[in-house]
Amino acid sequence: RMLQAACRGAREGAGTGKEATKILAVTVLTSMEMTDLDAVGMAGPLAAAATRLAMIADQAGCFGVIASAHEAKDIRRACRESFAIVTPGIRPAGIEVDDQARHETPSSAIEAGSDFLVVGRPIRDSADPVVMADSIVADIERGLVARAQRPAAPAADDPELTPLEPSIPGRPSRRRR
């Protein structure tokens with residue numbers, strides 16, 4: 001209900017003819033591992049928890065979620081096509097991962113289905129931030145090419161798909177391979 005209220009408030013607060021603020025929900029922090037989920041009482045694998053939370057955000061009308069690239073493929077299959085995935089924990093190859101338990105390179109994150117990447121420390125801490133930023137942009141471009149060459153995701157009515165669990169009451173079941 002909290003996400004639904006936030007989305008409704010954003011729409012109502014925008015006023016006539018104005019675009020509403022885009023609401024993003026957080027799934028599982030990229031600094032968290034399975035033991036962290038256990039500690040806060042969330043059962044199941046990280047990917048299942050993140051996907052379940054993304055589906056709730058999608059049903060509530062959120063613009064998208066903040067999620068690890070590790071869960072992006074599952075979220076992409078489970079949620080509407082226009083549902084945005086914003087991914088932190090981005091580290092170019094060979095760069096210190098710091099506190100990020102679930103990190104990914106820019107190209108891998110884009111190829112997995114992320115729409116927006118959050119990159120801070122690799123640029124901030126670089127001896128040459130401009131060169132680092134250019135390198136990240138080139139890696140993003142490689143990810144976009146790889147994603148464009150990948151076959152399209154199957155339609156939700158594909159008979160080879162099985163239900164994605166757990167389902168959310170009141171929402172049509174989305175399915176995946």
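Scored by the salt bridge (charged side-chain N to carboxylate O under 4.0 Å, His left out) test, Arg142 finds Asp139 as partners (sequence neighbours excluded). Asp115 is linked by a side-chain contact (heavy atoms from CB on, under 4.5 Å) to Arg76, Ala84, Ile85, Arg147, counting only residues two or more places apart in sequence or in another chain. By the side-chain hydrogen bond (donor to acceptor under 3.5 Å, both in side chains) test, Ser68 pairs with no residue at all, sequence neighbours left out. In terms of the side-chain contact (heavy atoms from CB on, under 4.5 Å) criterion, residue partners of Val26 (sequence neighbours excluded) are, by chain and number, Leu29, Ile66. Annotation: side-chain hydrogen bond (donor to acceptor under 3.5 Å, both in side chains) contacts of Glu19 (sequence neighbours excluded): Lys22. In terms of the salt bridge (charged side-chain N to carboxylate O under 4.0 Å, His left out) criterion, Asp125 has no residue partners (sequence neighbours excluded). Residues satisfying the side-chain contact (heavy atoms from CB on, under 4.5 Å) criterion with Val118, sequence neighbours excluded, are Val86, Pro88. By the side-chain contact (heavy atoms from CB on, under 4.5 Å) test, Ala49 pairs with Val28, Leu37, Met42, Arg52, sequence neighbours left out.
Cluster annotation: Leu24 is connected to Phe116 through the hydrophobic network of ILVMFWY side chains, with a link wherever side-chain heavy atoms come within less than 4.5 Å. Clustering ILVMFWY residues whenever any of their side-chain heavy atoms sit less than 4.5 angstrom apart, transitively, puts Ile23 in a cluster other than the one holding Val65.
Remark: side-chain polar atoms of Thr105 are not paired, donor with acceptor, to backbone N or O of Ala93 under 3.5 angstrom.
In this structure, Leu117 and Ile110 have side chains that are in contact, with non-hydrogen atoms separated by less than 4.5 Å.
Taken from OG in Ser135 to CG in Asp128, the straight-line distance is 11.0 Å, to the nearest 0.5 Å. The structure places CZ of Phe83 at 11.0 Å from CD of Gln59, a figure rounded to the nearest 0.5 Å. Rounding to the nearest 0.5 Å gives a distance of 9.5 Å between CZ of Arg91 and CD1 of Ile136. Met132 contributes atom CE, which lies 13.5 Å from atom CZ of Arg121 (distance to the nearest 0.5 angstrom). Note that the CD1 atom of Ile75 and the NE2 atom of His70 stand 12.0 Å from one another [nearest 0.5 Å]. For the atom pair Glu71 CD and Thr27 OG1, the distance stands at 6.0 Å (nearest 0.5 Å).
Nearest heavy atom pair, residue Thr87 against residue Ala67, reads OG1-O, 3.0 Å. When all heavy atoms of Ala10 and Ala20 are compared, the pair lying nearest together is O-CB, 3.4 Å. Between Val119 and Ile123, the shortest heavy-atom contact is CG1-CD1, 4.0 Å. The minimum heavy-atom distance between Ala112 and Ala69, with the atom names listed, is CB-O, 3.7 Å.
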